[in-house]
Q: 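First the structure, then my questions, so here it is.
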Amino acid sequence: MAAASPSTSKLMNNMENPQSKMKSCWSCKGPVAVGALFCSTCSAVQGPAAINHFQRLGVEQSYDVNVANLDQMYFDLQRQLHPDRFAAKTAKEKALSQQQATAVNDAYETLKDPLKRADYMVHIQGVDVLPEGCNLVHDQTILIEAMEMRERLAMAETLSDLRSISAETKAEDEKVVKSLSKAFHDGDLEEASHLTTRLKYLHKMMDEVRHVRARLMA
Amino acid sequence: MVQVLQIMEPGETLDPHEGETDFAIGIDLGTTNSVVAMSTDNVVDVFTDEEGGALVPSVVAYAPDGSAIVGELAKRLLLSRPDSVVSSIKRLMGRGPEDLKSLGGQLPFDLAPAGDDESQLVRLNVGGQTLTPIEISADILKDLKDRAETHLSGKVKKAVITVPAYFDDAQRTATKDAARLAGLDVLRLVNEPTAAALAYGLDKGAEGHYIVFDLGGGTFDVSLLRMQKGVFQVLATGGESALGGDDFDHAVAEHFLTQRKSELGDVSLSSAEAKVALMTARLAKECLTKSKSGEWALTIGDTTTNHSLDVETFNGLISADVNRTIKICHEVLTEAGFDPEDVAGVVLVGGSTRVPLVRQAVGDYFGKDPLADIDPDQVVAVGAALQAEALTVGSDTLLLDITPLSLGLETMGGLVEKVIVRNTPIPVAKAQEFTTFKDGQSAMAIHVVQGEREMVDQNRSLARFNLTGIPPMAAGAAHVRVTFQVDADGLLTVSAAEDTSGIEQHVEVKPSYGLSEEEMTQMLYDSMANAKDDMELRLLAEARVEAERAMNAVTSALQADCRLLSVEERERIGEKMDVLHHILKGDDREAINGAAKDLDVATQAFAEKRMDKGIRDALTGVEITALSD
């Protein structure tokens, strides 16, 4: 489960290696910890640190993200960093706030979505799943499953046909997410990467179901 | 020491121009009507005219001498002098001549033939002048600014201006340009539904998932928001930038004209005569929100025809448009994974939500009575005013908005590669890599589009530019990174770089239907004699903010580390602070920048000492932990 400590203190504690963890504040020119959101001396906003999405939002690096907690961390950070807070400040502070808010949005968007989170976790642990839009799949079972689903969708003629496909896809989606949690927990990256690919196909399927539904309704 | 501490008085450096009140207002720049308001301590004052009306008709009449008359008076001139009056100009903001064809031929605008310049901007013939929609909107904004200044007995320089959530980049840029022409500094462009939600959240304490259903004169927006403890998070948005009460008017006008045709035979209409028909249709529509039926006389030329209309017939005329709004609501909910019953409340915004059929359709779909406790015509301006105060004075509320439309690039075969998908929280930055497809290819055409369709020509073209100077390489070897950045106003900047050579090009997305920087400058000069002063004032304000920041930074540094300095050093810094503090009271920008530079130079050695100390302290810390291990 995600850590409960506020993100800022978590980032500030990262100071074991002083020379590489200390930089000069752009505003007061004094020392400031790398990763601090604001200068401890003059309170000027700092640029975003090169840290991963979990560190940025101050949550534990785990597939089992507590969404309510994630939301809270996200809101806390945006309350401090959103460009709306810097409307009366200098151009430099506005630019830094925009960079910070952008980085926080990116982290939040990635971590709150089960597919993007899985993709990202596999990626930062060194395995690249299929790049977006790539059709090369070596896994026969995934291919066959996807083809079967597509055939069923092509045959669907009524909204109730669609409803049952949609329900099955959703149930399968939930199962895969559960398995992903276990795979990440066990450190089985190969399995996690395989499941991530499956989840991608399931999501594509859901999109197509939505399109067909819109067509049938029109 | 004492000397240094004296100039460190908190607050003293913050506002050297305390006597000047800098009002920040909220403006709802609507298709049919506009509203201006200001918030003080979260209490909003909507500025009214002598008769107590808050709505300023977004109608501009041009006098023979070129001066603009805005509002009720202009609206009254619409019938008697239709050739010199413009209404619904918002529908043309950020639009090109091609767009107009799809907007329908019956729009009451007299378009000027396109010039031979590059600009694709639409120009209108009105009252003997040729004007862009940006200039006409600027005239409306100037009038609203005047109205606020009269009420406040002071100068207004800053504003939050609302735009339909569904406005694309060109339309947003055009709005911001209009504000600049009117002498207003735009604090933020806020989406209309978001502003309305802010008003409801702050005023009525609404919490949970809300739908804002905003049907104005010319635009339809629907947003799904989560509201909790001062956070307004937009989850999904949808709409159409050409669907609104104007379409109801058109439907009724066409109905009347068809009846007239069957009576009088085929008669072609001038754009002035079309305006008369539309005016009558609008009166009929407004009347039918309260009555069951009515009769109207339509006088064009010398002939008058009489037309009766009842609510059932009226509902039949507009039902296709109303159904479209409900279909869009359904799409927004589905995309966000919501069902109608998950929604805690539906907020009605826009004058067109007064039409009974609209209320009924919304109520039926969501299964609950929609909210209209805050006047649907004023709620957006109220939200804008609250946000203007929050941005200038500070506040705990947080508005988290999203991109309404996907942004992408044209790839091979006229397909669109989406770089930022719709409903992504802003600000956002995303990069996409492309490569060359021919050996030795030295340039790459980049075409930026906005929209949801798969083919380029079905989406809106925002800009085209060429990335040139790519060093000759084998096909596929060059890596061109295109970065899209959308700021908190929803405005896009695109930059492209070739990774192996480091060639970079930065493009402000403006060209397709916008003003070039030169055109803008020219218009600023044309529109106000004091344009140069305005620019100077802007630069002066920036210099002040920057100098204040520098003083605050030095003050904080002195508070933290002043013992690193000798008495002489402290005095020297104190002296420079005094000088800057004194100069800040004046209006000499060069002098302010100079004194700030002097202060920076005088504190350089101090900064070095502080860094040394910081690293020393940190090292000491490590040694202690290392020892204790």
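In what follows, chains are A, B, ... by sequence order, proteins preceding strands, each numbered from 1.
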Q: What pair of heavy atoms forms the shortest contact from A429(B) to T102(A), and how long is it?
A: N-CG2, 3.3 Å
Q: How long is the straight-line distance from CD of Q559(B) back to SG of C42(A), given to the nearest 0.5 Å?
A: 11.5 Å
Q: Where on D612(B) is there a heavy atom nearer than 4.5 Å to chain A: the side chain, the backbone, both, or neither?
A: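 The answer is neither part of D612(B).
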Q: With a 4.5 Å cut-off on heavy-atom pairs, point out which of C25(A), A88(A), A87(A), G30(A) contacts chain B the most.
A: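 Ranked by heavy-atom pairs under 4.5 Å with chain B, first place is G30(A).
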Q: For F75(A) and L398(B), work out which heavy atoms get closest and say how close.
A: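 So the two residues come closest at O-CD2, 3.7 Å.
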Q: Please name the pair of heavy atoms, one in K430(B) and one in D106(A), separated by the smallest distance, quoted to 0.1 Å.
A: CE-OD1, 4.1 Å
Q: Considering non-hydrogen atoms only, spot the tightest contact between K229(B) and R79(A) and give its length.
A: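 Heavy atoms only, the tightest pair is O-NH2, 3.1 Å.
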Q: Under 4.5 Å from any heavy atom of chain B, what part of D71(A) do you find: side chain, backbone, both or neither?
A: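 Just its side chain gets close to chain B.
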Q: May I ask you to name which of Q99(A), R85(A), Q78(A), H82(A) has the most heavy-atom pairs under 4.5 Å with chain B?
A: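 The candidate making the most pairs under 4.5 Å is R85(A).
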Q: Determine, step by step, whether Q485(B) and Q98(A) satisfy the side chain to side chain contact (heavy atoms under 4.5 Å, CB included) criterion, reporting the C-alpha distance in whole Å, the side-chain angles of both residues, the deciding distance to 0.1 Å, and the verdict.
A: CA-CA 10 Å; Q485(B) 194 168 328; Q98(A) 181 171 326; 2.7 Å; yes
Q: What part of E417(B) gets closer than 4.5 Å to chain A, counting heavy atoms only: side chain, backbone, both or neither?
A: neither
Q: Has R549(B) got a side-chain atom pairing as donor or acceptor with T90(A)'s backbone, closer than 3.5 angstrom?
A: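 No, because the side chain of R549(B) does not come within donor-acceptor range (under 3.5 Å) of the backbone of T90(A).
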Q: Taking side chain as everything from C-beta outward and backbone as N, CA, C, O, which of these in D84(A) sits under 4.5 Å from a heavy atom of chain B? Side chain, backbone, both or neither.
A: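 The answer is both parts of D84(A).
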Q: Only pairs of heavy atoms separated by less than 4.5 Å count here; which of G394(B), S395(B), G230(B), A541(B) has the most with chain A?
A: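 With the most close heavy-atom pairs to chain A, the winner is S395(B).
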Q: Determine, stepwise, if the pair N105(A) / V428(B) fulfils side chain to side chain contact (heavy atoms under 4.5 Å, CB included).
A: CA-CA 7 Å; N105(A) 274 337; V428(B) 60; 5.6 Å; no
Q: So with a 6.0 Å cut-off around CZ of R324(B), is the heavy-atom count from everything else above 12?
A: yes
Q: Does T603(B) form a side chain to side chain contact (heavy atoms under 4.5 Å, CB included) with K29(A)? I'd like the steps, not just the answer.
A: CA-CA 9 Å; T603(B) 53; K29(A) 314 276 165 62; 5.7 Å; no
Q: Quick one: pull up CE in M22(A) and CE in M611(B) and give me the separation to the nearest 0.5 Å.
A: 7.0 Å
Q: Can you tell which part of A101(A) gets under 4.5 Å to a heavy atom of chain B, answering side chain, backbone, both or neither?
A: both
Q: Counting only non-hydrogen atoms closer than 4.5 Å, does E93(A) touch chain B with its backbone (N, CA, C, O), its side chain (CB onward), both, or neither?
A: side chain
Q: As an exercise, state the distance from SG of C28(A) to CG of N552(B), rounded to the nearest 0.5 Å.
A: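 Going from the SG atom of C28(A) to the CG atom of N552(B) covers 11.5 Å.
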Q: Any side-chain heavy atom of P427(B) within less than 4.5 Å of one from P83(A)?
A: yes
Q: Counting only heavy atoms closer than 4.5 Å, note whether E542(B) contacts chain A via side chain, backbone, both or neither.
A: neither
Q: Does any heavy atom of chain A fall under 4.5 Å from the side chain of Q604(B), the backbone, both, or neither of them?
A: neither
Q: Taking side chain as everything from C-beta outward and backbone as N, CA, C, O, which of these in I426(B) sits under 4.5 Å from a heavy atom of chain A? Side chain, backbone, both or neither.
A: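 Only the backbone of I426(B) comes within 4.5 Å of chain A.
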Q: Using non-hydrogen atoms and a 4.5 Å limit, figure out which bit of K89(A) sits close to chain B: side chain, backbone, both or neither.
A: backbone
Q: If we ignore hydrogens and angles and just use 3.5 Å, is the side chain of R610(B) paired with the main-chain N or O of S24(A) as donor and acceptor?
A: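 No.
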Q: Heavy-atom pairs under 4.5 Å with chain A - which of L399(B), L187(B), L400(B) has more of them than the others?
A: L400(B)
Q: Go through the atoms of E331(B) and report whether side chain, backbone, both or neither lie under 4.5 Å from a heavy atom of chain A.
A: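 Neither part.
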Q: Please classify the contact of Y108(A) with chain B as side chain, backbone, both or neither, using a heavy-atom distance under 4.5 Å.
A: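 Just its side chain gets close to chain B.
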Q: Which atoms of E109(A) come close to chain B, meaning under 4.5 Å heavy atom to heavy atom: side chain ones, backbone ones, both, or neither?
A: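 Answer is side chain: those atoms of E109(A) sit under 4.5 Å from chain B.
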